[in-house]
Amino acid sequence: MNALSALLESREMRILTGAFWPMLKQGLIYTIPLTLISFAIGMVIAVVSALLIINRVPLLSRIMRLYVWVFRGTPLLVQLFIVYWGICNPMKISNLVACVIALSLNVGAYASETIRAAILSIDRGQWEAGYSLGMTYSQAFRRIIVPQAAKVSVPPLFNTFISLVKDTSLASNIMIAEMFRKAQEFAASSLKYLLIYSEVALIYLLFCTLLNGVQKLCEKRLRLGR
């Protein structure tokens with residue numbers, strides 16, 4: 001008991017308890033909203049990109065293939081710096097907007113391949129069945145293809161979402177006060193780098209564990225819906 005009391009009253013414990021809530025608060029204020037907004041925009045980009053590529057729309061499909069190739073083949077940190085320092089900063093656009101743009105484009109590139117593969121995995125006979133019932137292309141796509149493709153694409157897209165939660169930590173490199181940036185500030189002021197970074201790692205782990213639980217629940221419901 002004496003050892004436990006000494007640990008709880010130690011300087012290290014005071015640092016940990018003092019840093020926990022501010023880091024968690026920044027996670028709720030910046031990390032989670034950044035993830036949700038970037039993922040939502042990225043999904044719109046991904047769907048449009050996948051459909052343009054699948055339907056081989058002249059010129060646009062080539063542009064989308066180039067976009068996917070570039071963003072899947074370069075590091076996210078480099079993309080973030082190019083968007084912020086090369087585009088947004090000279091135009092006086094905030095670093096928060098720059099971060100959303102970079103994260104959205106990165107997610108869109110990866111998710112577009114997932115969505116494209118999911119749509120192409122649906123047997124061509126499903127399209128023909130829809131046409132035989134008098135459906136248009138958009139009706140067959142919306143009523144027949146999308147529900148089946150969603151069951152295939154949801155698990156990998158959820159993995160992309162969870163990865164995005166961790167990728168938001170890169171926003172600290174352009175001075176966004178998200179969770180990891182706050183951890184850097186506490187580590188620099190206390191000089192307890194290992195302690196603080198271990199704590200923020202546990203907070204990220206907590207977020208991702210909760211999301212993994214939601215993912216398993218969604219996958220279970222999708223299996224039951226088959």
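Atoms considered below: every heavy atom in the structure, side chains included; atoms not considered: hydrogens, waters and symmetry mates.
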Exercise. Is it the case that one hydrophobic cluster holds both Leu96 and Ile29, taking links as side-chain heavy atoms less than 4.5 Å apart, direct or via other members?
Worked result: yes
Problem set entry | Value rounded to 0.5 Å, distance of CE in Met179 from OH in Tyr204 | 4.0 Å
For this session: Indicate yes or no: at least one non-hydrogen side-chain atom of Thr160 is less than 4.5 angstrom from one of Pro156.
Result: no
For this session: Check Ile196 against Ser190 and note the closest heavy-atom contact, atom names and distance.
Result: CG1-OG, 4.1 Å
For this session: Would you please name every residue forming a side-chain hydrogen bond (donor to acceptor under 3.5 Å, both in side chains) with Asn159, sequence neighbours left out?
Result: Gln215
For this session: With side-chain contact (heavy atoms from CB on, under 4.5 Å) as the test, would you mind laying out the steps for Tyr197 and Gln184 before giving the verdict?
Result: CA-CA 8 Å; Tyr197 290 152; Gln184 289 178 314; 3.7 Å; yes
Exercise. How long is the gap from CG on Asn89 to CE on Met91, to the nearest 0.5 Å?
Worked result: 11.5 Å
Problem set entry | Distance (rounded to the nearest 0.5 Å) between Thr114 OG1 and Ile119 CD1 | 11.0 Å
Exercise. Under a 4.5 Å side-chain heavy-atom rule over Ile, Leu, Val, Met, Phe, Trp and Tyr, are Ile87 and Met175 clustered together?
Worked result: no
Exercise. Considering all heavy atoms of both residues, which atom of Ile115 and which atom of Ala50 are nearest to each other, and what is their separation?
Worked result: CG2-CB, 3.9 Å
Exercise. Are the side chain of Asn212 and the backbone N or O of Cys208 linked by a donor-acceptor pair below 3.5 Å?
Worked result: yes
Problem set entry | Nearest-0.5 Å distance that lies between atom CZ in Phe207 and atom OG1 in Thr35 | 9.0 Å
Problem set entry | Exercise: identify the closest heavy-atom pair between Val68 and Ser112 | CG2-OG, 3.4 Å
Problem set entry | Short side-chain to backbone donor-acceptor contact, Glu113 and Tyr110, under 3.5 Å | no
Problem set entry | Any side-chain heavy-atom pair of Leu157 and Met43 under 4.5 Å | yes
Seminar exercise, completed: side-chain hydrogen bond (donor to acceptor under 3.5 Å, both in side chains) pairs touching residues 40-61, sequence neighbours excluded, are Asn55-Tyr137
Problem set entry | Glu178 and Thr168 side chains, donor-acceptor separation under 3.5 Å | no
Problem set entry | Common cluster, Leu36/Leu211, ILVMFWY with side-chain heavy-atom separation under 4.5 Å | yes
Exercise. Quick check: does any side chain N or O of Gln79 sit under 3.5 Å from a backbone N or O of Thr74, one acting as donor and the other as acceptor?
Worked result: yes
Problem set entry | Distance (rounded to the nearest 0.5 Å) between Tyr67 OH and Arg72 CZ | 10.5 Å
For this session: Identify the heavy atoms of Ala188 and Leu191 that sit nearest to each other, and give their distance.
Result: O-CD2, 3.6 Å
Exercise. Where is the tightest heavy-atom contact between Leu164 and Ser38, given as atom of each residue plus distance?
Worked result: CD2-CB, 4.1 Å
For this session: Dump the intermediate steps for side-chain contact (heavy atoms from CB on, under 4.5 Å) on Ile37 and Ile41, then the final yes or no.
Result: CA-CA 6 Å; Ile37 295 170; Ile41 298 173; 3.9 Å; yes
Exercise. Which value, rounded to the nearest 0.5 Å, describes the distance between Leu76 atom CG and Leu170 atom CG?
Worked result: 5.0 Å
Exercise. Any chain of hydrophobic side-chain contacts (each under 4.5 Å) joining Leu59 to Val70?
Worked result: yes
Exercise. Parallel, tilted or perpendicular: which describes the rings of Phe161 and Phe158, with under 30° parallel and over 60° perpendicular?
Worked result: perpendicular
For this session: Apply the side chain to side chain contact (heavy atoms under 4.5 Å, CB included) test between Cys99 and each candidate in Val97, Leu103, Ile101; give the one that qualifies.
Result: Leu103
Problem set entry | Any donor-acceptor N/O pair, Ser172 side chain to Ser169 backbone, under 3.5 Å | yes
Problem set entry | Working for side-chain contact (heavy atoms from CB on, under 4.5 Å), residues Leu51 and Arg116 | CA-CA 7 Å; Leu51 291 177; Arg116 185 177 68 86; over 6 Å; no
Problem set entry | Under 3.5 Å donor-acceptor, Gln26 side chain and Thr31 backbone | no
For this session: Could you tell me whether the side chain of Leu202 reaches within less than 4.5 Å of the side chain of Leu206, counting heavy atoms only?
Result: no
Exercise. Would Leu66 and Leu60 show up in the same hydrophobic cluster when neighbours are defined by side-chain heavy atoms closer than 4.5 Å?
Worked result: yes
Exercise. Which pairs, with at least one residue in residues 189-201 and sequence neighbours excluded, count as a salt bridge (Lys or Arg N to Asp or Glu O under 4.0 Å)?
Worked result: Glu12-Lys192
Exercise. Taking all non-hydrogen atoms of both residues, which atom of Gly18 and which atom of Phe186 are closest, and how far apart?
Worked result: O-CZ, 3.9 Å
Exercise. Between Tyr84 (side chain) and Ile174 (backbone), is there a donor-acceptor pair under 3.5 Å?
Worked result: no
